> 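Below you'll find the structure I mean.
Given the structure is predicted, the values throughout are model-derived calculations rather than measurements. Every number for a ligand or one of its atoms is a count from 1 in the order of the listing.
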Amino acid sequence: MLETRSASACSATRRRFYRLVSNPFPVLKLAPLPRVAPRYPRAFAFCLGDPLRSAPGFLISFALFANPELRRWALDVERLLPSCFLNLPSSFLLSRVDFRVKPSLTGIILEELADSLRERGAASYRAKQITDWIYKKRVGSFDAMTDLPHKLRAELATEFDAPMMDVVRVLGSKDTTQKILFRLRDQNLIESVLIPASPALYGQPSDRRTICVSSQVGCAYGCKFCASGLEGWTRNLDGAEMVQQLIEIEKKSGEKIDNVVFMGMGEPLANLKNLLRAIRIINAPWGLGIGARHITVSTSGLAPQIRELANQSMQFRLALSLHGATDEVRGQIMPVNRRYPLKVLLEACDYYVAKKRRMTFEYILIAGVNDTDEQARELAKIARRLSAKINLIPYNTVEGLEWSRPSRARQEKFQSILRKHGVIATLRREKGHDIAAACGQLRLQTSRSMKAPAISKT
Ligand code: SAH
Ligand code: SF4
């Protein structure tokens, strides 16, 4: 599976590499992680392989900072790997996973914390004090929670980690769309976009500062036009990592965010449990306090999860990325359509709309692919069936992909056909075209440029 350099050039190094990886510390390798990890909060693992094809990757072993011998082994593997292989295929992954043996502070839910405090005999009103420190005063450690008893602070610090998310790059300026690239504790990269308040259509100031949040590292759904799917899926974000994107961006921009869209990297409904946890924190009065009507989840169309959402009580808005009004066109650009063709998907949407509320459709306009009059007429039929409003979005070009946006005249014609059929359709003059604002692009550019020198060195 791996492309290698000519055998003579590196066979000795490769032999050493294979010796290293095939003979890691067998006892520890077999040790069940949950039993070992709590004693070693700094445990991390090396994962070698393609997470999609050999999911969940081939876990070679894990190394502990506490153990110098293991640590030497881990560093050896890391050092040797780039020099063994000339071109690592893009799907190849060597990730150092810092096992999240302790949950992060910004994933705390008031009611769960109150229960756990009660169980250990502490006063449950402390839970509200703690969530105020985390979500209102935004402190990053229990040490700063000065009205808590020292003993409780120390106990909690052994159970929860401070959130770790570094800003690697920021693109754009303060008054336009800003794109922020974060490095997570396991070195993976994700991005968020801040769309600041700007004059609205009729001149009055808009009251919205929107953040576009990522829900996964990469994406497994591989839509043909999207940068996020180009390098496959690496892992799900946990609830705390989604919440932390908002907290970091508010800290960095000094602005209060009042609108959240899960339209960054990843398919949120493929990470439903963590998504719902994050939304609960974002929405709760004891959390970030953003109203359910200002939280939107976008999906590429996972029919079973759409039905599941219809059956549960959590409130937020749902947007469906349609991008094609017939199976033929949609299937050409969205592989997920093979799994859930329009008939299946729209029945799930009927169910959702009947049980819950309206949904919106996102429809990217791609020149020569889905922008014909015929597609507009078909789209109008679907929108009327579900009483859905449509957001038309001119395609953002992605480096290395062939697709482009239609002319302004074509975009407007498409919109006018929808309107003629009685459908509400807005045409977004989207922001951020010049800063790679389409989801996944900044990460892709950065990870490619970071990989380049390492590969050319060998
Ligand atoms: N996975 C989810 C949410 C993340 S993508 C989904 O697909 O809905 C958020 C939105 O960005 C989707 O509507 C997606 O189709 C759109 N998108 C992806 N790449 C884009 C691009 N290059 N230009 C414009 N929109 C894009
Ligand atoms: Fe994944 Fe959404 Fe991009 Fe499709 S559009 S690859 S589902 S992030």
> Checking only N/O/S atoms, does C219 have one that is under 2.8 Å from atom 4 (Fe) of ligand 2?
no
> If the cut-off is 4.0 Å to any non-hydrogen atom of S300, which atoms of ligand 2 fall inside it?
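By the 4.0 Å cutoff, the relevant atoms are 7 (S).
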> Near G222, which atoms of ligand 2 are under 4.0 Å from a heavy atom of that residue?
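Listed by number with element, the hits are 6 (S).
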> Does G301 come within less than 4.0 Å of ligand 1, judged by its heavy atoms?
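Flag not set, G301 not near ligand 1.
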> Determine, considering heavy atoms only, which of G266, S228, S215, P335 sits nearest to atom 2 (Fe) of ligand 2.
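Minimum heavy-atom distance to atom 2 (Fe) of ligand 2 goes to G266.
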> Which ligand 1 atoms are under 4.0 Å away from a heavy-atom of T299?
6 (C), 8 (O)
> Please state which part of M265 comes within less than 4.0 Å of ligand 1, counting heavy atoms only: side chain, backbone, both or neither.
neither
> Examine distances only and state if a side-chain atom of Q245 and a backbone atom of S214 form a donor-acceptor pair shorter than 3.5 Å.
yes
> Side chain or backbone of F225 under 4.0 Å from ligand 1, or both, or neither, by non-hydrogen atoms?
both
> Does a donor on one side chain and an acceptor on the other come within less than 3.5 Å for S104 and D161?
no
> Heavy-atom contacts with V398 under 4.0 Å: which atoms of ligand 1 show up? List them by number with element.
22 (N)
> Any N or O of G266 that comes nearer than 3.5 Å to an N or O of ligand 1?
yes
> Nearest heavy-atom pair of V423 and A383: which atoms, and what distance?
CG1-CB, 3.7 Å
> Provide the number and element of each atom of ligand 2 under 4.0 Å from a heavy atom of C223.
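Every atom of ligand 2 under 4.0 Å from some heavy atom of C223: 4 (Fe), 5 (S), 6 (S), 7 (S).
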> What part of I364, side chain, backbone, both or neither, has a heavy atom within less than 4.0 angstrom of ligand 1?
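Side chain only.
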> Does C223 come within less than 4.0 angstrom of ligand 1, counting non-hydrogen atoms of the residue?
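No, C223 has no heavy atom closer than 4.0 Å to ligand 1.
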> Among I364, L418, D371, which one satisfies side chain to side chain contact (heavy atoms under 4.5 Å, CB included) with L392?
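The single option meeting the side chain to side chain contact (heavy atoms under 4.5 Å, CB included) with L392 is L418.
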> Strictly by modelled atom types, are S215 and E267 linked by a side-chain donor-acceptor pair under 3.5 Å?
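Looking only at side-chain atoms, E267 and S215 do not form any donor-acceptor pair under 3.5 Å.
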> Which atoms of ligand 2 are found less than 4.0 Å from any heavy atom of Y221?
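Under 4.0 Å from Y221, ligand 2 has these atoms: 7 (S).
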> So, for F316 and F262, is the gap between ring centers shorter than 6.0 Å?
no
> Is it true that some N/O/S atom of C226, main chain or side chain, lies under 2.8 Å from atom 3 (Fe) of ligand 2?
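A backbone or side-chain N, O or S atom of C226 is under 2.8 Å from atom 3 (Fe) of ligand 2.
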> In ligand 1, which numbered atoms sit nearer than 4.0 Å to a non-hydrogen atom of S321?
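Those of ligand 1 that fall under 4.0 Å from S321 are 6 (C), 7 (O), 8 (O), 12 (C), 13 (O).
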> Has the side chain of K136 got a donor or acceptor atom that lies under 3.5 Å from a matching backbone atom of G287?
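Yes: the side chain of K136 pairs with the backbone of G287.
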> With a 4.0 Å heavy-atom cut-off (strictly under), which part of L320 contacts ligand 1: side chain, backbone, both or neither?
neither
> If the threshold is 4.0 Å, N to carboxylate O, is there a salt bridge linking E378 and R330?
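Salt bridge: no.
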> Do D373 and R410 meet the salt-bridge criterion of a basic N to acidic O distance under 4.0 Å?
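Counted as a salt bridge, because a side-chain N and a carboxylate O are separated by less than 4.0 Å.
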> Report the relative orientation of the aromatic rings in F160 and F142; use parallel for angles under 30°, tilted for 30 to 60°, perpendicular for over 60°.
tilted
